[in-house]
2 protein chains.
Amino acid sequence: MSIHANSPEGFCYQCPNRHFRFCHSLLNSGSDEFDAYAVKNKTFAAKQFLYHQGDWNQELFVLREGWVMLSRVSEDGKRQVFRSVLPGEILGFQQYLHERAIYSAIALVDSVVCKIPNIIGLCTTQPELALSLASAAARDMMLTERYLTHISHRSARERIVFMVLELYHRLRQRLLNKHYSIHFPLKQEDIADMLGLTTIHVNRTLHALKDDGLLEIHKHELTILDYDALCLLVEYEPEALVTN
Amino acid sequence: MSIHANSPEGFCYQCPNRHFRFCHSLLNSGSDEFDAYAVKNKTFAAKQFLYHQGDWNQELFVLREGWVMLSRVSEDGKRQVFRSVLPGEILGFQQYLHERAIYSAIALVDSVVCKIPNIIGLCTTQPELALSLASAAARDMMLTERYLTHISHRSARERIVFMVLELYHRLRQRLLNKHYSIHFPLKQEDIADMLGLTTIHVNRTLHALKDDGLLEIHKHELTILDYDALCLLVEYEPEALVTN
DNA sequence: AAGAAAAATTAACCTAGATTAACTTTTAAC
DNA sequence: GTTAAAAGTTAATCTAGGTTAATTTTTCTT
């Protein structure tokens, strides 16, 4: 007997992400096929890996709370950080194409993820769910394409500003900002590996940005000091960030 | 009365892409809901735009033959080339998220595209189709993420070699190579705008690659002269390129 | 609270690739 | 087949960001 996930007994009932498209699709399926009790939620401590590159992992996760970073270490030891996964976003879908994960997922802060069992099976009976999966994939695609644009053609300063603005807006969509501040667990080395810079140059540039009164990172807290100036600097269009 | 798309009368019947996942899903739906005659195929001459950035376009295309390039011009006039769309690949799904196209699609050679009408409606009744759409999105995502890795952390030479190897493998999957050669319509300026380099430096680097006996571009034909050396140079793993 | 490890910072120097400016070859148009 | 425009080529100079190396600060451990 399955309990409807929308009922107060359901684990999803009080989840702040329940209105985002993918969760919404899961919960509001016409039938009772989706059982919120079947969602195994799991807590990962900071610095714990959800999975490693090369793992044979076939699970789809939704990040309920926390901050997960996707990165890959290449043969020559260099590390590429792909992107951050923020609350309400999906991870692990890539493995349905490759049998093995091409990157590792690490929790940067204590995080809670929901493992969605048998997503393919659910999609088979719920086309709307499959479409929201496609939609989530397309959104991630867009984020990544935007990164590519802003990273391959821009200066170090612009790269950093772009990254900051994007994370800020994604968190603000989830109401996870405090005015112009966000909790920011990325180390300078993470920023460097994400943007293709050296930690030394990231450090230099962050200081310059602070001196110019644009933004500041202090004790894992990032504060935007001059929002308009930052948007102007990188032609940032917040509206391009669709909600999912 | 709809004619089953798999029948010899169907436009798809003799399409070389019919076995790729998305087309396969369209054609092999249990029902007769998908009518291959409903597919409007359209020819675009070289240099013609399929759509422009900013267009309000809600159509999903499959590229039947040719070569389409996705690019965007930013406020300051710089152009970013996102990627090439090759035969059998999908384009236009991005617009289901944004109402407007964030980039332009231009045919680099004479191209034929199939416009899939009412894809959302079809997905509603055919979950398998929605899943293959999600799968295609995830594949494109992976291509783009791979680009990101290989572009943001690598030298000009490595960037170019990576791009070449990837295009070569994608075309080879479609049997569109001639031994180690492919038809290559990208101009040096396109390569530069794709990789975040200047045309001058692309030129220099291409000459160096030719002098080193690695690869050669001549009259829109690209020839890989030393496949193994190229793969070694960028740690290229062809198997990472899933078929879709 | 002390010690060790991780992260951030600073400075000196160096190189890959940008910039500027011609010039040549190829392609397209009439 | 001529001409104009586009694409490709070459060289000289310059700079953003990399490299190396050392120091300081912060964060974990016990």
Side-chain angles (χ1 to χ4, degrees), chain A residues 45-48 69 76-81 106-110 150-163 183-212 215-222 233-234, chain B residues 45-48 69 76-81 106-110 150-163 183-212 215-222 233-234:
Chain A
K47 297 189 178 177
Q48 224 185 323
M69 189 176 77
D76 60 2
K78 283 182 210 153
R79 186 183 68 150
Q80 165 71 33
V81 171
I106 187 171
L108 293 187
V109 299
D110 296 350
H150 284 265
I151 279 167
S152 61
H153 289 234
R154 308 284 175 156
S155 68
R157 169 177 284 230
E158 290 169 317
R159 293 184 200 195
I160 289 176
V161 168
F162 172 77
M163 180 209 67
H183 176 71
F184 191 78
L186 297 179
K187 293 179 295 185
Q188 293 186 358
E189 194 182 349
D190 297 328
I191 300 174
D193 289 346
M194 173 152 50
L195 302 179
L197 300 167
T198 54
T199 49
I200 290 124
H201 200 61
V202 167
N203 186 281
R204 275 197 289 247
T205 310
L206 285 175
H207 277 272
L209 287 167
K210 184 177 171 184
D211 291 346
D212 293 349
L215 68 87
E216 187 176 13
I217 299 175
H218 185 63
K219 301 250 183 197
H220 299 251
E221 173 132 327
L222 183 153
L233 187 62
V234 294
Chain B
K47 299 191 177 173
Q48 226 187 319
M69 189 176 78
D76 59 3
K78 283 183 211 152
R79 188 182 67 150
Q80 164 71 31
V81 171
I106 187 171
L108 293 188
V109 299
D110 296 351
H150 284 264
I151 279 168
S152 62
H153 289 234
R154 309 283 175 156
S155 68
R157 168 176 283 231
E158 289 169 316
R159 292 183 201 198
I160 289 177
V161 168
F162 172 76
M163 182 209 64
H183 175 70
F184 191 77
L186 297 179
K187 292 179 295 184
Q188 292 185 0
E189 193 181 349
D190 297 327
I191 300 175
D193 288 346
M194 174 153 48
L195 302 179
L197 301 167
T198 55
T199 49
I200 291 124
H201 200 62
V202 167
N203 186 283
R204 274 197 290 251
T205 310
L206 284 175
H207 277 273
L209 287 166
K210 184 177 171 183
D211 291 346
D212 293 352
L215 68 87
E216 186 177 12
I217 299 175
H218 185 63
K219 301 252 183 195
H220 300 250
E221 171 131 329
L222 184 153
L233 187 62
V234 294

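Reckoned from all heavy atoms, side chains included, excluding hydrogens, waters and symmetry mates. By convention in this document, chain letters (A, B, ...) are assigned in the order of the sequence lines, proteins followed by strands, and residues within each chain are numbered from 1.
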Side chain of [X] only, heavy atoms from C-beta on: which candidate in [options] is closest?
X: H207(B); options: dT19(D), dT10(D), dA18(C); value: dT10(D)
X: S155(B); options: dG17(C), dT10(D), dG17(D); value: dG17(C)
X: Q188(B); options: dG17(C), dA7(C), dG8(D); value: dG8(D)

Worksheet item: Roughly how far, to the nearest 0.5 Å, is CG of L195(A) from CZ of R154(A)?
Response: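 Going from the CZ atom of R154(A) to the CG atom of L195(A) covers 13.5 Å.
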
Discussion item. To the closest 0.5 Å, what do you measure between CD1 (I191(B)) and CG (L186(B))?
Written reply: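 Atom-to-atom, I191(B):CD1 and L186(B):CG are 6.0 Å apart.
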
For [X] against [Y], the heavy-atom pair lying closest together:
X: A46(A); Y: L108(A); result: CB-O, 3.6 Å
X: R157(A); Y: A208(A); result: NH2-CB, 3.7 Å
X: H220(A); Y: H183(A); result: O-ND1, 3.3 Å
X: G196(B); Y: R159(B); result: O-NH1, 3.9 Å
X: V234(A); Y: F162(A); result: CG1-N, 4.1 Å

Nearest-Å distance, [atom1] ([X]) to [atom2] ([N])?
X: E158(A); N: dA18(C); atom1: CD; atom2: C1'; value: 14 Å
X: K187(A); N: dA5(C); atom1: NZ; atom2: P; value: 16 Å
X: N203(B); N: dT9(D); atom1: CG; atom2: P; value: 4 Å
X: L186(A); N: dA6(C); atom1: CG; atom2: C1'; value: 16 Å
X: L209(B); N: dT9(D); atom1: CG; atom2: P; value: 13 Å
X: R154(A); N: dA16(D); atom1: CZ; atom2: C1'; value: 16 Å
X: R157(B); N: dA16(C); atom1: CZ; atom2: P; value: 12 Å
X: I160(A); N: dA16(D); atom1: CD1; atom2: P; value: 15 Å

Discussion item. Counting the atoms with a prime plus P, OP1 and OP2 as sugar-phosphate, which does T205(A) contact under 4.0 Å by heavy atoms, base, sugar-phosphate, or nothing?
Written reply: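 Nothing, no heavy atom under 4.0 Å.
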
Discussion item. If the condition is salt bridge (Lys or Arg N to Asp or Glu O under 4.0 Å), which residues does R204(A) pass it with, not counting sequence neighbours?
Written reply: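 R204(A): no salt bridge (Lys or Arg N to Asp or Glu O under 4.0 Å) contacts found.
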
Fill in: Residues forming a salt bridge (Lys or Arg N to Asp or Glu O under 4.0 Å) with D110(B), sequence neighbours excluded
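D110(B) satisfies salt bridge (Lys or Arg N to Asp or Glu O under 4.0 Å) with no residue once adjacent residues are dropped.
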
Discussion item. Assess the residue pair D190(B) and R79(B) against the criterion (side-chain contact (heavy atoms from CB on, under 4.5 Å)); give the C-alpha distance rounded to whole Å, side-chain angles, the decisive distance to 0.1 Å, and a yes or no.
Written reply: CA-CA 9 Å; D190(B) 297 327; R79(B) 188 182 67 150; 2.7 Å; yes

Close N/O contacts between protein and nucleotides 24-30 of chain C (under 3.5 Å):
{"from": "dT27(C)", "atom 1": "OP2", "to": "K219(B)", "atom 2": "NZ", "distance (Å)": "3.3"}

Worksheet item: At what angle, to 10 degrees, do the two end axes of the helix from dA1(C)-dT30(D) to dC30(C)-dG1(D) meet, given five pairs define each axis?
Response: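 Answer rounded to 10°: the end axes differ by 70°.
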
Discussion item. So does E158(A) get a backbone contact from the side chain of H150(A), meaning a donor-acceptor N/O pair under 3.5 Å?
Written reply: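 No, the answer is negative, given that no donor and acceptor are paired below the 3.5 Å cut-off.
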
Worksheet entry | Polar side-chain contact R204(A)-dG18(D) base: donor and acceptor under 3.5 Å |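 For R204(A), whose side chain was compared with the base of dG18(D), there is a donor-acceptor pair (under 3.5 Å).
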
Worksheet item: Listed in order of residue number, which residues of residues 189-201 of chain B have a non-hydrogen atom at under 4.0 Å from DNA chain C?
Response: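 Output list: G196(B), L197(B), T198(B), I200(B), H201(B).
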
Worksheet entry | Most 5' of V202(A) and H218(A) on DNA chain D, judged by nearest nucleotide |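 Comparing both residues, the 5'-ward one is V202(A).
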
Discussion item. Applying side-chain contact (heavy atoms from CB on, under 4.5 Å), can you list everything that pairs with Q188(B), at least two apart in sequence or on another chain?
Written reply: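 side-chain contact (heavy atoms from CB on, under 4.5 Å) list for Q188(B), sorted by chain: V202(B), N203(B), L206(B).
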
